[in-house]
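Since the structure comes first, as structure tokens, the remarks are kept for the end.
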There are 2 protein chains.
Amino acid sequence: MTDQSVINRDRTVAERKREKRDPQQRRAEILAAAFACFAERGFAATRMEDVAARAGIAKGTVYLHFPDKERLFTELVSGIASPILGEIDSLVHNEAIPPRFAVSMFYTLFRREVLETERRHLLRLILAEGPLFPAVTEFYHREIITKGLTVLRILLKRAAERGDLRNPLLADMPQIVMSPALLAIIWTTLFEAYEHLDTQKLFDTFLDTLFVPARAAPEGATP
Amino acid sequence: MTDQSVINRDRTVAERKREKRDPQQRRAEILAAAFACFAERGFAATRMEDVAARAGIAKGTVYLHFPDKERLFTELVSGIASPILGEIDSLVHNEAIPPRFAVSMFYTLFRREVLETERRHLLRLILAEGPLFPAVTEFYHREIITKGLTVLRILLKRAAERGDLRNPLLADMPQIVMSPALLAIIWTTLFEAYEHLDTQKLFDTFLDTLFVPARAAPEGATP
DNA sequence: TGTTATAATGACCGACCAGTCAGTCATAAA
DNA sequence: TTTATGACTGACTGGTCGGTCATTATAACA
């Protein structure tokens, strides 16, 4: 017993890997783990140890990459939404795309990229925890909502000028186009267990409500 | 100053009252305080001591009326919504009321009784904390959502038969009528600080989108 | 192989808080 | 006036969890 390290030497099977990683990769792993935890239980109920365990590392390691729990959360929610944006406003720049089709694509994109993925939990998270994190809310309003509304406003104006809208005043209320998407998020994350919502049908019905019925020749509105 | 109330009268400023109350009244006071706290900070961030302080009593007293924090919360959110329901389905039983007017009243009621009161925070609370309290979510789906949708379905069917709907298929998707209300809740509790939303205009525009334009004589749909 | 730099660990600390309970006192009954 | 009641109080407990840091393992390099 001359060597003092003996105390630590005879570790059991449960030994941890203590693997070193590329910092970027480690960071991404932590974010992925945090995403799963926060989406599952919310901000308050998620423990840093849960996140660490899920990432397969020790709690202290998390703090090598993020200063505190709040920053972990805010960086997570700020980082996820951005990729979607790009696709959205490519819809508006191509003027050849009929407005109705563009809005329809908007819904399709939303279904495929948000509703039908784990991202939907994240969106609900922002709604849920928003008031406790004004910075996050402000970010989302500025980066997502404002940009989305701008795109929709342009599309709706174009549609109104072509006589495609059943109610031309819609161009002044782009929020209305967003509302079924919001409903779909809430419903699928809250009530789906009790009553199924057919989101495809929801969006289709809504589109038929916003736009005048399709026509063989979209040019001549009045015969 | 001859009566015994003197003992209670000239207490020093910092002194607590230790006032006895009718249990029902005390209970109501606690619920009111809890409402304010939960609405302001959410479930997790609210301390039982905050609730007690707001009600002007000691923490222990809260536990004389509610077994634990969770029950305080669930009894609170379950108890508040019920009163509104009555008014809603009185709208559907009077067949003389034109459907459009009934839906319009639905929105007006929603604005006056929810959006423009503190109740709006409660509704957001349910959206936010829902997943952590399945019992509450289930209750709301059963008591509020289902009943609301049933009423709307009847109204929309009636409207479709009269030819009032721009898209008759709406009768099969009453959720669509609810969606702007949901948007209004989220917006006013989350984004209002950054960008004002004119909810009156929102609902008016939406009504004009759902229903065919008003006519001098609502009877004859076809001239 | 020995040395150094640093990523990783997890025991530990202290703040926080839900829930408890022994004691207090306003009130009402005797 | 005395006694009994129970609503009310708030210090306390037990447990939880965010965040720290001395120690240890690993990689890179000499």
Side-chain angles (χ1 to χ4, degrees), chain A residues 3-12 14-30 33-34 37-38 41-76 129 132-133, chain B residues 3-12 14-30 33-34 37-38 41-76 129 132-133:
Chain A
D3 186 348
Q4 80 290 356
S5 72
V6 125
I7 310 153
N8 254 329
R9 203 64 347 251
D10 52 1
R11 286 293 183 69
T12 51
E15 194 96 11
R16 188 175 281 293
K17 283 299 190 319
R18 207 181 178 93
E19 194 179 353
K20 284 199 184 185
R21 282 294 176 90
D22 168 50
Q24 285 308 312
Q25 195 180 341
R26 184 63 16 119
R27 200 186 145 86
E29 286 170 2
I30 295 172
C37 292
F38 285 134
R41 328 225 21 222
F43 178 81
T46 295
R47 298 176 307 137
M48 290 301 266
E49 236 171 303
D50 298 337
V51 175
R54 197 136 185 172
I57 57 177
K59 187 166 69 156
T61 309
V62 178
Y63 285 91
L64 297 176
H65 297 265
F66 299 91
D68 55 33
K69 190 182 179 185
E70 185 165 333
R71 284 289 293 278
L72 174 60
F73 180 78
T74 55
E75 293 206 19
L76 174 71
E129 316 274 8
L132 258 48
F133 302 95
Chain B
D3 66 79
Q4 79 293 353
S5 73
V6 124
I7 308 154
N8 247 330
R9 215 62 358 242
D10 55 0
R11 282 293 177 72
T12 52
E15 198 93 13
R16 188 175 281 294
K17 283 299 190 318
R18 203 187 178 89
E19 198 176 352
K20 282 199 183 183
R21 283 295 175 88
D22 168 49
Q24 285 308 313
Q25 195 180 342
R26 183 60 16 118
R27 201 185 144 85
E29 284 171 1
I30 295 172
C37 293
F38 285 135
R41 327 227 21 224
F43 179 80
T46 294
R47 297 177 306 138
M48 290 301 264
E49 233 169 305
D50 298 338
V51 175
R54 197 135 185 172
I57 56 176
K59 188 166 72 156
T61 309
V62 177
Y63 286 91
L64 298 177
H65 296 266
F66 299 92
D68 55 34
K69 191 183 179 184
E70 185 164 332
R71 284 288 294 277
L72 173 61
F73 180 79
T74 55
E75 293 206 18
L76 175 70
E129 314 276 7
L132 258 47
F133 302 95

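Note: hydrogens, waters and symmetry copies are ignored here, and every other heavy atom, side chains too, is used. Per chain, numbering begins at 1; letters A, B, ... match sequence-line order.
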### Task
Mark yes or no for whether T46(A), through its side chain, and R41(A), through its backbone, hold a donor-acceptor pair below 3.5 Å.
no
### Query
Once you round it to whole Å, what is the distance between C1' of dA8(C) and CZ of R27(A)?
18 Å
### Task
Please figure out whether E70(A) or L64(B) has its closest DNA chain D nucleotide nearer the 5' end.
L64(B)
### Query
Nearest to the side chain of I57(B), which nucleotide is it out of dT9(C), dG18(D), dT9(D)?
dT9(D)
### Query
Between dA11(C) atom C1' and E49(A) atom CD, what is the distance in whole Å?
11 Å
## Note on the structure
Picking from dT9(D), dG19(D), dA8(C), the nucleotide nearest the side-chain atoms of K69(A) would be dG19(D)
### Query
In whole angstroms, how far is the P atom of dA7(D) from the CD atom of Q25(B)?
15 Å
### Task
State whether E29(A) and R54(A) are salt-bridged, where the test is any N-O pair (Lys NZ or Arg NE/NH1/NH2 against Asp/Glu carboxylate O) under 4.0 Å.
no
### Query
Under 4.0 Å: is that the gap between some side-chain N or O of T61(A) and OP1 or OP2 of dT9(C)?
yes
### Query
OH of Y63(A) versus P of dG10(C): gap in Å, rounded?
16 Å
### Message
Does dG10(C) have OP1 or OP2 under 4.0 Å away from a side-chain N or O of K59(A)?
### Response
no
### Query
For the side chain of E49(A) and the backbone of K59(A), is there at least one donor-acceptor N/O pair under 3.5 Å apart?
no
### Exam field: side chain T61(A) to backbone I57(A), donor-acceptor pair closer than 3.5 Å
no
### Query
Given atom CZ of F73(B) and atom P of dG19(C), what is their separation to the nearest angstrom?
14 Å
### Message
Without decimals, in angstroms, what is the distance between E29(A) CD and dA8(C) C1'?
### Response
13 Å
### Task
Rounded to the nearest angstrom, tell me the gap between atom CZ in R47(B) and atom C1' in dT16(D).
16 Å
#### Entry: Salt bridge present between R47(A) and D50(A) (N-O < 4.0 angstrom)
yes
### Query
Is the distance from OP1 or OP2 of dA8(C) to the nearest side-chain N or O of H65(A) less than 4.0 Å?
yes
### Task
May I have the distance from L72(A) (atom CG) to dG18(D) (atom P), rounded to whole angstrom?
11 Å
